[in-house]
S.K.: 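Let me begin by handing over the structure; questions about it come next.
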Amino acid sequence: MSGRPPADAEPPLLVACALGIERFALRRGDRGGAADGAGPVRIVTLRTGMGPQAAERAVAAALGAGSVTERSPVVASGFCAGLAPGMRPGDVVVAEATRDHHPDAPETRCHDNGPLLRALRRRGLTVHTGLLRGSDHVVHGAERAALHAAGAVAVDMESAATLRAARRAGGRPVAAVRVVVDAPEHELVRIGTVRGGISAFRVLRSVLPVFHEWHRSLLLPWR
């Protein structure tokens with residue numbers, strides 16, 4: 001990792017994902033660049049590994065190292081499983097809050113979501129908002145239905161742990177933006193898996209400009 005940025009520099013955005021294929025889709029973020037001509041925006045793309053424990057460890061380590069700062073916003077991104085009927089691969093989930101798999105776990109609220117939602121919808125994407133639940137395993141069938149009945153719109157294994165670790169390291173802006181790769185009518189075990197995976201991959205590649213816009217829009221005290 002590079003040295004710590006100057007204290008008055010614009011903090012880079014940390015985008016955390018679990019899998020190599022997710023990081024590959026997001027790889028342009030490492031090069032950064034602002035669409036509005038206001039100068040470069042650096043995005044650090046972190047592959048955490050699978051599962052909540054791996055995500056929490058990796059994010060905590062990254063926030064304690066030199067390439068991001070205590071002011072850096074954090075986005076949890078990658079793929080997820082949609083829980084609501086009618087969801088399709090390639091739909092986008094923007095979390096209003098995340099909560100991990102422990103029954104008594106508190107929620108991590110995601111504020112400042114307006115610019116994300118507007119930017120994604122301007123690109124013609126189907127966007128869902130609500131509670132993004134965490135899990136320590138892949139969920140199917142009845143468990144998926146139970147999570148939806150309890151108020152969640154989607155589930156993944158890393159977002160809740162990522163945002164919890166980010167908030168523990170400082171009062172920074174956080175967000176979770178996930179792309180649905182399977183859904184109740186489009187589960188991964190079905191024949192449509194390949195087509196759904198390609199759709200989700202293409203959408204995930206397209207969200208980097210949205211992260212740039214969100215980063216620019218944040219009303220942070222160093223602006």
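Everything quoted here is computed from the prediction, not taken from an experiment.
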S.K.: For a 4.5 angstrom cut-off between non-hydrogen side-chain atoms, does Pro209 reach Arg123?
M.R.: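 Sidechains of Arg123 and Pro209: in contact.
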
S.K.: Hey, could you give me the CG/CG distance between Leu117 and Leu125, rounded to the nearest 0.5 Å?
M.R.: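 The CG atom of Leu125 is 11.5 Å from CG of Leu117, to the nearest 0.5 Å.
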
S.K.: Under a 4.5 Å side-chain heavy-atom rule over Ile, Leu, Val, Met, Phe, Trp and Tyr, are Val155 and Val179 clustered together?
M.R.: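 No.
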
S.K.: Between Val181 and Phe201, is any pair of side-chain heavy atoms under 4.5 Å apart?
M.R.: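 When only atoms from C-beta onward are counted, Phe201 and Val181 do not touch, as no gap falls below 4.5 Å.
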
S.K.: Please check if the side chain of Glu158 supplies one atom and the backbone of Pro52 the other of a donor-acceptor pair under 3.5 Å.
M.R.: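 Flag not set: sc Glu158 to bb Pro52 has no pair under 3.5 Å.
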
S.K.: Apply side chain to side chain contact (heavy atoms under 4.5 Å, CB included) to Val74 and Leu63, showing your working.
M.R.: CA-CA 10 Å; Val74 173; Leu63 293 173; 4.3 Å; yes

S.K.: Is any side-chain heavy atom of Val153 less than 4.5 Å from a side-chain heavy atom of Thr129?
M.R.: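 With C-beta onward as the side chain, the pair stays apart.
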
S.K.: Which heavy atom in Gly151 sits nearest to a heavy atom in Leu131, and how many Å separate them?
M.R.: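 Smallest interatomic distance, heavy atoms only, reads O-CB, 3.8 Å.
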
S.K.: Testing the basics here: between Leu26 and Thr45, what is the closest heavy-atom pair and its distance to 0.1 Å?
M.R.: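 Distance-wise, the nearest heavy atoms are O-OG1, 3.9 Å.
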
S.K.: Which is it for Cys80 and Val180 under the side chain to side chain contact (heavy atoms under 4.5 Å, CB included) test, yes or no, and what are the steps along the way?
M.R.: CA-CA 5 Å; Cys80 70; Val180 174; 4.0 Å; yes

S.K.: If every non-hydrogen atom of His101 is compared with every non-hydrogen atom of Ser135, which pair is closest and at what distance?
M.R.: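 Smallest heavy-atom distance, with atoms named: CB-CA, 3.9 Å.
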
S.K.: Atom CG of Asp100 and atom CZ of Arg164: how far apart are they, to the nearest 0.5 Å?
M.R.: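 Answer rounded to 0.5 Å: 4.5 Å.
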
S.K.: Kindly indicate whether the side chain of Asp156, heavy atoms from C-beta on, has any atom under 4.5 Å from the side chain of Val93.
M.R.: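 Side chain of Asp156 against side chain of Val93, heavy atoms only: no contact under 4.5 Å found.
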
S.K.: Is there a side-chain contact between Asp112 and Ser217, using heavy atoms and a 4.5 Å cut-off?
M.R.: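 No, every pair of side-chain atoms sits at 4.5 Å or beyond.
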
S.K.: Please step through side chain to side chain contact (heavy atoms under 4.5 Å, CB included) for the pair Ser77 and Glu22, ending with a clear verdict.
M.R.: CA-CA 8 Å; Ser77 194; Glu22 293 169 333; over 6 Å; no

S.K.: Once rounded to the nearest 0.5 Å, what's the spacing between atom CD of Gln53 and atom OG1 of Thr48?
M.R.: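 Rounded to the nearest 0.5 Å, the CD-OG1 separation comes out at 12.0 Å.
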
S.K.: Under 4.5 Å between side-chain heavy atoms, hopping through other hydrophobics if needed: is there a path connecting Leu132 to Leu116?
M.R.: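 Different clusters.
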
S.K.: CG/Leu163 to CD/Glu56 distance, rounded to the nearest 0.5 angstrom?
M.R.: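 If I round to the nearest 0.5 Å, the distance is 11.0 Å.
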
S.K.: Applying a strict under-4.5 Å side-chain criterion to I, L, V, M, F, W and Y, I'd like to know whether Leu19 and Val92 cluster together.
M.R.: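 Yes, same cluster.
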
S.K.: Would Phe211 and Val177 satisfy side chain to side chain contact (heavy atoms under 4.5 Å, CB included), going step by step from the backbone distance to the final call?
M.R.: CA-CA 9 Å; Phe211 294 164; Val177 180; 3.8 Å; yes

S.K.: Can you see which heavy atom on Arg167 is nearest to which on Arg109, and at what distance?
M.R.: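 In this case the closest contact between Arg167 and Arg109 is NH2-O, 3.2 Å.
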
S.K.: Say whether Val94 and Leu204 are linked into one hydrophobic cluster, either directly or through other cluster members, by side-chain heavy-atom distances under 4.5 angstrom.
M.R.: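 As far as the 4.5 Å side-chain criterion goes, Leu204 and Val94 are connected within one cluster.
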
S.K.: To the nearest 0.5 Å, what is the distance between CZ (Arg133) and CZ (Arg144)?
M.R.: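 Between Arg133 CZ and Arg144 CZ, I get 14.5 Å after rounding to 0.5 Å.
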
S.K.: With the 4.5 Å side-chain cut-off for hydrophobic clustering, are Val174 and Val44 part of the same group?
M.R.: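 Shared cluster, yes.
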
S.K.: For the residue pair Arg122 and Glu213, establish whether any side-chain heavy-atom pair is separated by less than 4.5 Å.
M.R.: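 The answer is yes; the side chains approach within 4.5 Å.
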
S.K.: For a quick test of reading the model, state the closest non-hydrogen atom pair linking Asn113 to Ala175 and the distance between them.
M.R.: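 That closest heavy-atom pairing would be OD1-CB, 4.3 Å.
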
S.K.: Determine, step by step, whether Arg178 and Ser159 satisfy the side chain to side chain donor-acceptor pair (under 3.5 Å) criterion, reporting the C-alpha distance in whole Å, the side-chain angles of both residues, the deciding distance to 0.1 Å, and the verdict.
M.R.: CA-CA 9 Å; Arg178 292 275 175 171; Ser159 290; 2.9 Å; yes

S.K.: Measure the CG-CZ distance between Asp104 and Arg99 for me, rounded to the nearest 0.5 Å.
M.R.: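 The distance works out to 10.0 Å.
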
S.K.: Do Ile43 and His215 make a side-chain contact, defined as non-hydrogen atoms from C-beta onward lying under 4.5 Å apart?
M.R.: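 No, every pair of side-chain atoms sits at 4.5 Å or beyond.
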
S.K.: Show the nearest heavy-atom pair for residues Met87 and Gly82, with the distance to one decimal.
M.R.: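 Of all heavy-atom pairs spanning Met87 and Gly82, the closest is SD-CA, 3.3 Å.
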
S.K.: Do Asp182 and Pro89 come within less than 4.5 Å of each other through their side chains, counting heavy atoms only?
M.R.: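 Result no, sub-4.5 Å side-chain heavy-atom pair not found.
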
